[in-house]
Amino acid sequence: MVAKQLEGKFLSASIMQQVKKDISCFPSPPRLVSLLIGSDSGALSYAKIQESACKAVGILFELVKFPASTSQEEAIDYIVKLNNDPNVTGIMVFVPVPDHIDKNSLIASISHLKDVEGISPTNMGKLFYDNSSIVPCTPKAVMLLIKSIDYDLAGKEVVVISRSPIIGQPLLLMLLESTNKSPTPTCCHIATQNLALHTKRADVVIVAAGKANLIHGEMLKEGAVVIDVGINLVEKEQNGKKSRLIVGDVHYDSAMNVASWLTPVPGGVGLVTTAVLLQNVSLLAKQHFARLES
Ligand code: NAD
């Protein structure tokens, strides 16, 4: 079997088109403020992607940079200011943050009405009850990608390799959201013994470990749907020349011979995640304007 590529570009384009249409009906354009504390190169690259994606749909974007020496109190004070600023629609904080800052306290200080990533305690709590609020972007992107191929998850064995609070845990809740159409999810993580034992029997494997080539073709069941969330920067040497490239957590070539669908990295989940972020900005703006009217 040769897998079909489950690319993110079509889904991402259609989400962005809808967001652009919705935003054009708002009384004023929404504004996203992203905070970067320090100078992480991955975060800076993602900020550039956010900026151009926002521009494409009519969202105002601002990247606020703080030096790595910024104290937790200073960062939280700034977030509180943004919470109270009626011209700010959505707020997010890039990770990693410097070691002296408690990431969870920063996230908890973002008002759930402006929490564009859906990871504040209130929005995470709402996820336990239903999926109707602002939800974390990457898990939602994964769910939308699976839906885009009309794959019926009901009763299927789904292995999620991640227990992280931004990916694995919310994704497990989303998978269990439907009363009688849910799959049977298994959560694997760093302490899982014999990962292949789980992946080999899975109809769907979703991996977000941040480990290049963690999943090889021989660890997969024939015909599995494989969603690769991982983003890893690796060095490659060819003809004595070193170069850096982005790869996922799945060994692409071997998995292509076994899976039925496989998301590429780059060009898969990441593209859809950015589009979902914009969708969340649009939803927050819609809720804001509705509150003003009531
Ligand atoms: P994290 O470090 O918080 O979580 C990694 C998870 O993988 C943990 O639960 C850990 O237990 C598990 N894990 C690590 N090594 C493992 C192993 N050998 N076997 C089994 N489980 C293992 O990271 P995160 O912030 O959740 O991000 C994970 C990956 O997803 C990173 O590569 C990140 O860059 C990527 N990411 C991608 C997107 C996207 O849109 N594509 C968005 C966010 C993060």
Side-chain angles (χ1 to χ4, degrees), residues 5-9 11-12 15-16 34 36 40-50 53 92-97 99 102-104 106-107 116-119 124 135-146 148 158-175 185-200 202 205-216 219-220 226-234 244-252 255 262-280:
Q5 276 217 108
L6 181 40
E7 292 186 60
K9 63 182 176 190
L11 179 55
S12 148
I15 294 170
M16 284 176 64
S34 296
L36 175 64
D40 182 73
S41 58
L44 279 166
S45 318
Y46 187 41
K48 279 194 188 131
I49 293 171
Q50 278 187 353
M92 66 154 283
V93 178
F94 282 110
V95 289
V97 291
D99 288 346
D102 173 31
K103 181 185 72 183
N104 291 341
L106 285 197
I107 291 166
V116 74
E117 290 191 290
I119 55 174
M124 281 290 205
V135 297
C137 307
T138 306
K140 184 166 179 193
V142 169
M143 295 301 290
L144 290 175
L145 275 162
I146 295 172
S148 75
V158 177
V159 164
V160 176
I161 306 169
S162 162
R163 61 172 298 286
S164 90
I166 60 157
I167 302 179
Q169 295 195 38
L171 181 57
L172 289 160
L173 290 174
M174 289 182 196
L175 287 164
T186 300
C187 180
C188 295
H189 44 76
I190 191 76
T192 299
Q193 293 178 13
N194 201 345
L195 191 59
L197 189 79
H198 299 280
T199 55
K200 197 92 186 120
V205 174
I206 304 162
V207 55
K211 298 273 152 58
N213 299 326
L214 179 68
I215 303 299
H216 280 253
M219 295 168 76
L220 298 168
V226 182
I227 310 287
D228 191 353
V229 182
I231 299 174
N232 308 288
L233 196 57
V234 295
R244 294 178 126 199
L245 73 159
I246 290 172
V247 298
D249 290 350
V250 177
H251 184 267
Y252 192 80
L262 173 59
T263 57
V265 178
V269 180
L271 285 178
V272 184
T273 297
T274 306
V276 171
L277 183 87
L278 306 183
Q279 197 177 46
N280 281 353

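Indexing begins at 1, ligand by ligand and atom by atom, following the structure's order. If you're wondering where the values come from, they're calculated on a predicted model, not measured in any experiment.
Residue contacts with ligand 1 for Thr273 involve side-chain atoms from C-beta outward but no N, CA, C or O (heavy atoms, distance under 4.0 Å). No part of Thr274 comes within 4.0 Å of ligand 1, judged by heavy-atom distances. The backbone and the side chain of Val229 each have at least one atom closer than 4.0 Å to an atom of ligand 1 (non-hydrogen atoms only). Contact annotation: for Arg163 versus ligand 1, heavy atoms closer than 4.0 Å belong to both the backbone and the side chain. By the criterion of a heavy-atom distance under 4.0 Å, the side chain of Ile166, and not its backbone, is placed next to ligand 1.
When only non-hydrogen protein atoms are considered, atom 18 (N) of ligand 1 lies nearest to Leu214 CD1, 3.6 Å. At the shortest separation from atom 7 (O) of ligand 1 among protein heavy atoms lies Ala209 CA, 3.3 Å. When hydrogens are left out, the protein atom nearest atom 21 (N) of ligand 1 is His189 C, 3.0 Å; that is the closest non-hydrogen contact. Protein heavy atom closest to atom 33 (C) of ligand 1, with residue, atom name and distance, is Ile231 N, 4.2 Å.
For the residue pair Ser162 and Cys187, the shortest heavy atom distance occurs at O-SG, 3.3 Å.
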- Message: Let's go through Leu278 and Ile15 carefully: what are the C-alpha distance in whole Å and the side-chain angles of both, what is the deciding distance for side-chain contact (heavy atoms from CB on, under 4.5 Å) to 0.1 Å, and is it a yes or a no?
- Response: CA-CA 9 Å; Leu278 306 183; Ile15 294 170; over 6 Å; no
- Query: Given Leu214 and Leu195, is the side-chain contact (heavy atoms from CB on, under 4.5 Å) satisfied, shown in steps?
  - Reply: CA-CA 10 Å; Leu214 179 68; Leu195 191 59; 4.0 Å; yes
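Inclusion of Ile190 in the set of residues having an N or O under 3.5 Å from an N or O of ligand 1 is warranted.
The number of heavy-atom neighbours closer than 6.0 Å to CG of Asp99, taken from other residues, nucleotides and ligands shown, is 12 or below.
When only modelled atom types and interatomic distance are considered, Asp249 and Asn232 share a side-chain donor-acceptor pair under 3.5 Å. With 3.5 Å as the limit, one finds no donor-acceptor pair spanning the side chains of Thr274 and Gln50.
Relative ring orientation between His216 and His251 is described as parallel, the plane-to-plane angle staying below 30° on a 0-90° scale split at 30° and 60°.
Near Ile167, meaning under 4.0 Å from any of its heavy atoms, are these atoms of ligand 1: 26 (O), 27 (O), 30 (O), 43 (C), 44 (C). Using a 4.0 Å cut-off to heavy atoms of Ile161, the atoms of ligand 1 that qualify are 20 (C), 21 (N). Atom numbering of ligand 1 starts at 1 in the shown order; those under 4.0 Å from a heavy atom of Lys211 are 14 (C), 15 (N).
Atom 2 (O) of ligand 1 lies below 4.0 Å from none of the non-hydrogen atoms of the protein. For atom 11 (O) of ligand 1, a protein heavy-atom neighbour is present inside the 4.0 Å cut-off.
For the pair Thr138 and ligand 1, a heavy-atom separation below 4.0 Å is found. The closest approach between Ala208 and ligand 1 falls below 4.0 Å for a heavy atom of the residue.
Among the candidates Leu277, Val269, Val276, the single residue satisfying the side-chain contact (heavy atoms from CB on, under 4.5 Å) test with Thr273 is Val269.
Residues Gln169 and Arg163 meet the side-chain proximity criterion, which asks for heavy atoms closer than 4.5 Å. Contact of the Leu6 side chain with the Leu262 side chain is not registered, since no non-hydrogen atoms from C-beta on lie closer than 4.5 Å. Looking only at side-chain heavy atoms (C-beta outward), Tyr252 and Val247 stay at 4.5 Å or farther from each other.
Considering Gly210, Ala212, Pro96 only, the shortest heavy-atom separation from atom 31 (C) of ligand 1 involves Gly210. Considering each of Gly270, Ala141, Ser164, Pro136, the one bringing a non-hydrogen atom nearest atom 24 (P) of ligand 1 is Ser164.
Counting only distance, with no hydrogens or angles, the side chain of Asp228 and the backbone of Pro264 share no donor-acceptor pair below 3.5 Å.
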